[in-house]
Amino acid sequence: MTTPFHVLVVEDDPDVAEFVKLVLVKRAGMQVDVAGNADKAFNLLQENEFDAMITDIEMPGASGLDLIARIRGLRPLLPIVVMTAHASVDYAITALRHAADEFLTKPIAAAHLVERMTALAQRGRTDRLSAAGQVVLAIGAHPDDVEIGVGGLLAAHQAGGDSIVILTMSRGDRGGDPNDRQHESLASADLLGARLFLEDLVDTRIEPADPTVSIIERVVAEVSPTIVYTHSSHDRHQDHRAVHQATTVATRRVPTVACYQSPSATVDFHPNRFVPIDGFTEAKIQLLACFASQSDVRAYLETDFVLATARYWSRFGGGRSCEPLEVIRDTSVIGKAWTPSRRVPAHSPGQAPQ
Ligand SMILES: [Zn+2]
């Protein structure tokens, strides 16, 4: 379930306002706010995120033109549709061509209204979300799985201003005191500024179907990730494979899904993307240090091993240290939406040798 588009209708004629609202709510499933004048519209625009706006031109007080001029600084990406009963008012249309995205002449046909508003609201939402950065969801079977697999990449996402969510399916009872491991997971999430979902599935008994799929679907619905990182299917640990399978089912509408390497990955782990994490290896070490209760029993958490692994993978990517990924879905522009966005990498992601 995606969140309905949120649209603002600015119209002083209550009959027209009601018609537009009714069409957009009933036929397009949108959430619609109505403002009867430009001042009220401006207040709503300051307090809410809209995906699109449709406005009348001639209204008592400030006109639709004034409103557009006023909000362009506030909401530069907002798609704006202008409704006018005066198709012949060429001067207004000319003036508006630069600021409005579309004109509709009254009376407006319901089907046309739905079609145009849906297209523009989709564009408005995409622009708004991509300007706000990616939402990254990292899914692991146990505490410390995602930090080992993509700790450097998550730190790079954080530095790039992206939102990070960690979903850990079990508290790892078999691998230590669950209370310790909960605190450790929280400490690591804090370092990343990440939101943590810590679930309670039984360690070593994680199912590839429900409840695992439902848990992931619930989190996906709640946070709307644009990128998901999860376990590889090429892994000796049955929990890791189960989480991989459940993730591929539950994230089928997520634009980008990629699998990270675990210490239990098999030689079949076959990464096709190598993301430089230069500048973030220290952050990765610090994340892993949060899991102190494990580090004296787990050789794979040792700093030299972690650094050597990242160093090794750089032979396929750029820079001096990389994290490898098996990309299973990437519908966004490669290297743009999916790499730790903007500002981050000193090197573009490398490609596997063909
Ligand atoms: Zn694990």
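Everything numeric in this text was worked out from a predicted model, so none of it was measured. As the structure lists them, so they are numbered: ligands from 1, and atoms in each ligand from 1.
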Can you name the nearest heavy-atom pair linking Ser170 to His142, along with the distance? OG-CD2, 3.4 Å

Do Asp200 and Arg171 meet the salt-bridge criterion of a basic N to acidic O distance under 4.0 Å? yes

Exactly one of Arg125, Arg75, Arg123 clears salt bridge (Lys or Arg N to Asp or Glu O under 4.0 Å) with Asp51, and that residue is Arg125

Please report how many protein N/O/S atoms lie under 2.8 Å from the Zn ion (ligand 1). 4

Taking the inter-plane angle between the rings of His237 and His240 on a 0 to 90° scale, is it parallel (under 30°), tilted (30 to 60°) or perpendicular (over 60°)? parallel

Distance-minimising heavy-atom pair for Gly152 and Ile277: C-CG2, 3.7 Å

side-chain hydrogen bond (donor to acceptor under 3.5 Å, both in side chains) partners of Asp12, counting only residues at least two apart: none

